[in-house]
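Okay, structure first, notes after.
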Amino acid sequence: MHVVVKQQGSGKRAISKEILGEINNQLSKIKTPYWPLNEPRIKREPYDVPQAWMNNILSKGLISIGFNSEVSPFSGPRPETLLPRLKSKKSNQAIDFEKYYNNKRHVIEVECGNVASIYRSIHKLLLAMKEKEDTTAILIVPSRDLMARCEPPSAMSTSHSAPIILSEFAYYHPEAKEIAVIEFSTSSELNLHELNPDPKFWKGNFSKKMKKYLNENFLLFLENSQS
């Protein structure tokens, strides 16, 4: 994948070059998974990239290099001024990833969902930024062209929509201006049909069986890897 910083945090909230290097090095190795349109479809035409697989491959990549996953927006206790959340899985509030460098916290949301979900991601990043003035927040989103291979890009989170929505948040939450935006786009691809010709295996929500396969065969989804 091709990785570009579209919007950089500034001052105390700038991305540590070490963290940025790790993100860039790992994401750039990932191949874009696709299913040939001339085979029995796993999605409706003209979409050939399964969004769930792309998202989970990205997540697996960051976890594999030491990023913590599914963490609270707050590094400490939830502020007492906030109402408590219900104790159920559906009420959980977690940021996708975090990593510290020189005691500086970096919180990361990878957003490949519909455009409404980007508001939730930004909300969680802003909670983390409000807690500490040096927390760096990063929003990782696909390019418009890549997302157009998954769903109609106008309805999805992309590097085109993210800065627009952030500018609106910044109208009343100035911290939103300091959220970094990183774009990823296709540079190399992986034909999923060559790994498993059964379209049923690749389609639908990401199941435990899919996760097990990804964990056991992650290197197949990276550049310069061998089966």
Side-chain angles (χ1 to χ4, degrees), residues 1-30 54-55 57-79 82 93-113 115 117-147 157-187:
M1 287 184 168
H2 187 56
V3 182
V4 177
V5 177
K6 305 291 286 189
Q7 184 171 304
Q8 168 69 283
S10 60
K12 292 182 179 180
R13 298 196 193 274
I15 309 173
S16 300
K17 64 179 182 179
E18 291 79 7
I19 296 292
L20 181 58
E22 289 180 350
I23 293 172
N24 182 71
N25 290 339
Q26 185 59 39
L27 295 192
S28 63
K29 296 176 184 177
I30 293 172
M54 184 174 69
N55 190 54
I57 294 166
L58 292 169
S59 295
K60 175 67 176 177
L62 292 176
I63 291 171
S64 73
I65 58 171
F67 283 74
N68 300 320
S69 64
E70 296 296 303
V71 299
S72 169
F74 305 105
S75 59
R78 183 177 172 87
L82 302 181
Q93 185 181 50
I95 281 179
D96 290 338
F97 304 100
E98 75 167 4
K99 195 167 190 180
Y100 285 83
Y101 184 79
N102 286 342
N103 294 319
K104 179 181 177 180
R105 190 185 190 209
H106 291 69
V107 289
I108 303 165
E109 282 282 298
V110 178
E111 190 52 71
C112 304
V115 75
S117 64
I118 204 169
Y119 287 89
R120 181 173 64 248
S121 291
I122 294 170
H123 169 72
K124 290 184 287 185
L125 293 175
L126 286 171
L127 287 175
M129 295 172 78
K130 189 69 174 179
E131 181 190 35
K132 291 185 177 180
E133 63 179 12
D134 64 344
T135 294
T136 292
I138 305 168
L139 185 62
I140 300 178
V141 286
S143 69
R144 187 175 177 87
D145 288 344
L146 176 54
M147 185 48 70
S157 301
T158 67
S159 58
H160 174 77
S161 58
I164 297 171
I165 297 171
L166 283 171
S167 73
E168 293 172 350
F169 266 95
Y171 183 69
Y172 53 94
H173 287 299
E175 293 93 344
K177 292 186 296 184
E178 300 179 87
I179 294 177
V181 177
I182 295 178
E183 174 193 86
F184 63 91
S185 57
T186 297
S187 59

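Residue numbers start at 1 and run along the sequence shown. Predicted, not measured: the structure shown is a model, and the values here were computed from it.
Looking at heavy atoms from C-beta onward, S72 lies out of side-chain contact with Q93 at the 4.5 angstrom threshold. Using a 4.5 Å cut-off on side-chain heavy atoms (C-beta onward), I179 and L126 make contact. Within the 4.5 Å cutoff, no side-chain heavy atoms of T158 are placed close to those of V141. With a 4.5 Å cut-off on side-chain heavy atoms, L62 and V110 count as touching. In this structure the side chain of C112 reaches within 4.5 angstrom of the side chain of L58, judged on heavy atoms. For the pair Q7/P163, a side-chain contact is recorded, criterion being any heavy-atom separation below 4.5 Å from C-beta on.
In this structure, L125 CG and L139 CG are separated by 6.5 Å, a value rounded to the nearest 0.5 Å. The OG atom of S64 sits 12.0 Å away from the CD1 atom of I57 when rounded to the nearest 0.5 Å. Atom-to-atom distance recorded for F184:CZ and M147:CE is 6.5 Å, nearest 0.5 angstrom.
For Y101, the side-chain hydrogen bond (donor to acceptor under 3.5 Å, both in side chains) partners at least two apart in sequence or on another chain are E18. Here E175 pairs with nothing under the side-chain hydrogen bond (donor to acceptor under 3.5 Å, both in side chains) rule; sequence neighbours left out. Among residues two or more places apart in sequence or in another chain, the side-chain contact (heavy atoms from CB on, under 4.5 Å) test is passed with S69 by I63, F97. Applying the side-chain contact (heavy atoms from CB on, under 4.5 Å) criterion to A94, with sequence neighbours excluded, gives E70. Judged as a side-chain contact (heavy atoms from CB on, under 4.5 Å), and not counting sequence neighbours, the contacts of T186 are T32, L146, R149, E189. Remark: S16 pairs with H106 by the side-chain hydrogen bond (donor to acceptor under 3.5 Å, both in side chains) rule, at least two apart or across chains. Listed by chain and residue number, V3 satisfy the side-chain contact (heavy atoms from CB on, under 4.5 Å) test with N24 (two or more places apart in sequence, or in another chain). For the side-chain hydrogen bond (donor to acceptor under 3.5 Å, both in side chains) test, no residue two or more places apart in sequence or in another chain qualifies with S157. Every residue was checked against the salt bridge (charged side-chain N to carboxylate O under 4.0 Å, His left out) condition with E111, not counting sequence neighbours, and none meets it. Every residue was checked against the salt bridge (charged side-chain N to carboxylate O under 4.0 Å, His left out) condition with K60, not counting sequence neighbours, and none meets it.
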If you look only at distance, which donor and acceptor atoms sit under 3.5 Å apart when one is on a side chain in residues 127-138 and the other is two or more places apart or in another chain?
unit_1 : atom_1 : unit_2 : atom_2 : d
E131   : OE1    : S75    : N      : 2.9
E131   : OE1    : S75    : OG     : 3.1
E131   : OE2    : S75    : N      : 3.2
E131   : OE2    : S75    : OG     : 3.2
E131   : OE2    : G76    : N      : 3.1
E133   : OE2    : K12    : NZ     : 2.8
T136   : OG1    : R13    : O      : 2.9
T136   : OG1    : A14    : O      : 3.2
T136   : OG1    : K104   : NZ     : 3.2

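Residues A170 and K177 come closest through the heavy atom pair CB-CG, 3.3 Å. Nearest heavy atom pair, residue V71 against residue R105, reads CG2-NH2, 4.0 Å. Taking every heavy atom of both residues into account, M1 and L27 meet most closely at CB-O, 3.3 Å. When all heavy atoms are compared, the tightest approach of I15 to A180 is CD1-CB, 3.6 Å. Shown here for G66 and K99, the closest heavy-atom pair between the two residues is O-CE, 3.9 Å. When all heavy atoms of I108 and D96 are compared, the pair lying nearest together is O-CB, 3.3 Å.
The stretch residues 118-142 participates, sequence neighbours left out, in these ring-ring contact (aromatic ring centres under 6.0 Å, His included) pairs: Y119-F169.
Residue-environment remark: OH (Y172) exceeds the threshold of 12 foreign heavy atoms within 6.0 Å.
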Stepwise side-chain contact (heavy atoms from CB on, under 4.5 Å) test for I165 and V115: CA-CA 9 Å; I165 297 171; V115 75; 3.8 Å; yes
Check against side-chain contact (heavy atoms from CB on, under 4.5 Å), S159 and R144: CA-CA 6 Å; S159 58; R144 187 175 177 87; 5.5 Å; no
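Among Q26, E22, E98, the one residue that satisfies the side chain to side chain contact (heavy atoms under 4.5 Å, CB included) test with F67 is E22.
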